[in-house]
Amino acid sequence: MYGSYTGRSRTRKRVAGLRTTGTAAAVGAALLLAGCSGDGDGGDKDAAPTVSQQPKAKDPYWVNPEGNAARQVAAYTKDGDGEKAALIRKIAEQPVGEWISPDNAENQVRGVTEAAAAADRDALLVLYNIPHRDCGQFSKGGAADGNAYRSWLDGVAKGIGDRSATVILEPDALLHLVDGCTPQEFHEERYDLLKGAIQRLKQQPATKVYLDAGNAGWQSPDVLFQPLQRAGIADADGFSLNVSNFQTTAVSTEFGKKLSEKIGNKPFVIDTSRNGNGPYEGGDSAESWCNPPGRALGEAPTTQTGDERVDAYLWIKRPGESDGDCKGGPKAGAWWPEYALGLAGATK
């Protein structure tokens with residue numbers, strides 16, 4: 001269904017549900033280091049989360065014990081609802097992306113990366129603060145201007161320091177240049193900001209950067225490789241695909257390989273957080289991106305993909321957080337336990 005869209009399509013709204021409020025889990029990580037609790041979005045604040053890390057050889061990324069899903073597991077367990085707790089545990093025990101909010105970025109990132117390092121794991125960070133973000137849609141916002149963005153980005157880099165981190169850089173920012181959603185007057189600045197962000201982040205000795213390149217349902221790789229080059233992909237470790245979308249892993253892999261061939265065989269990562277049943281094909285296709293029913297968790301996060309071009313399957317979009325106030329959902333980025341239960345329950 002997505003594949004039939006071209007130009008200024010609804011497909012671009014694949015990240016309409018990304019976190020637009022403060023990164024509660026990232027803040028929770030900083031609080032955790034200080035011996036406090038607190039998340040702000042989900043579960044019972046008096047119920048202590050209990051989740052463990054995945055085997056490092058299979059998945060080196062940090063599982064946040066203070067995340068929404070972990071707190072929801074604790075709350076269901078406290079209430080004696082073992083069935084629901086078991087379903088949400090499918091999410092809680094996997095590493096997910098930590099979305100860095102505009103405020104106090106350096107402290108947020110330091111909290112996450114220090115917590116990850118203490119667990120002998122790598123942090124997975126998502127940066128989503130480009131000026132004129134999301135073309136004024138559900139996740140509108142971003143830094144006030146280019147200078148504000150550079151300052152924010154510098155804080156992120158300082159927060160990472162010399163600790164191990166993987167950064168997913170600005171979902172949809174490049175795609176919205178190509179599809180015409182972002183006004184032409186902002187294009188030159190955005191290319192400059194993306195290129196500069198890659199270069200700044202790569203000054204950190206243990207940081208990997210993947211520049212977002214959209215999803216397999218949007219046009220073809222032929223229209224993306226030149227914009228990727230202009231945005232500095234040569235200096236990045238690779239690119240990311242399918243963030244907050246539902247394209248299958250097989251389709252995403254095929255798309256990614258075609259694109260990779262055009263940009264020096266760069267590797268890529270795939271967001272498999274909600275693609276277990278593929279894209280939604282019923283009802284209003286224009287809203288197939290926003291809390292579509294019947295979706296399922298995809299492959300568990302891992303760096304053992306069996307494909308040398310695919311560096312990792314990652315849960316970049318946080319399963320159980322709303323895409324926006326559609327289909328009965330709360331605001332974009334808010335924890336929605338009913339949707340989380342649906343994703344986990346539909347998983348094969």
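Any value given below was found using the heavy atoms of this structure, including those in side chains, with hydrogens, waters and symmetry copies removed.
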Quick one: pull up [atom1] in [X] and [atom2] in [Y] and give me the separation to the nearest 0.5 Å.
{"X": "Leu314", "Y": "Ser240", "atom1": "CG", "atom2": "OG", "value": "9.0 Å"}
{"X": "Ile233", "Y": "Leu194", "atom1": "CD1", "atom2": "CG", "value": "10.0 Å"}
{"X": "Ser164", "Y": "Leu124", "atom1": "OG", "atom2": "CG", "value": "12.5 Å"}

Where is the tightest heavy-atom contact between [X] and [Y], given as atom of each residue plus distance?
{"X": "Ala165", "Y": "Thr113", "answer": "CB-CG2, 4.5 Å"}
{"X": "Arg190", "Y": "Ala173", "answer": "NH1-O, 3.0 Å"}
{"X": "Asp237", "Y": "Lys266", "answer": "O-CD, 4.3 Å"}

**OP:** Please determine which of Phe268, Phe239, Tyr210 meets the side chain to side chain contact (heavy atoms under 4.5 Å, CB included) test together with Asp311.
**Re:**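 When Phe268, Phe239, Tyr210 are each tested with Asp311, the side chain to side chain contact (heavy atoms under 4.5 Å, CB included) holds only for Tyr210.
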Please list every donor-acceptor pair under 3.5 Å in which a side-chain atom of residues 294-303 meets a protein atom from a residue at least two apart or in another chain.
unit_1, atom_1, unit_2, atom_2, d
Arg295, NE, Pro293, O, 2.9
Arg295, NH1, Asn277, O, 3.2
Arg295, NH1, Gly278, O, 2.7
Arg295, NH1, Pro279, O, 3.3
Arg295, NH2, Pro293, O, 3.2
Glu299, OE1, Thr249, OG1, 2.6
Glu299, OE2, Thr249, OG1, 3.3
Thr302, OG1, Lys58, O, 2.8
Thr302, OG1, Gln304, N, 3.0

Subject >> Residues forming a side-chain hydrogen bond (donor to acceptor under 3.5 Å, both in side chains) with Trp152, sequence neighbours excluded >> reply: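 side-chain hydrogen bond (donor to acceptor under 3.5 Å, both in side chains) check on Trp152 returns nothing, list empty.
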Subject >> Distance-only side-chain donor-acceptor flag, Asn147 / Arg150, under 3.5 Å >> reply: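 Checked: Asn147/Arg150 side chains pair up, N/O donor to acceptor below 3.5 Å.
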Original post:
Can you hop from Leu259 to Tyr191 via hydrophobic side chains spaced under 4.5 Å?
Top reply: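 Yes: a chain of side-chain contacts under 4.5 Å links Leu259 to Tyr191.
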Subject >> Transitive ILVMFWY side-chain link Val63 to Ile316, under 4.5 Å >> reply: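 Result: no, two separate clusters.
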Subject >> With Ile198 via side chain to side chain contact (heavy atoms under 4.5 Å, CB included) - residues at least two apart >> reply: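 With sequence neighbours excluded, Ile198 shows a side chain to side chain contact (heavy atoms under 4.5 Å, CB included) to Leu169, Lys202, Val209, Leu211, Asp235, Ala236, given in chain and number order.
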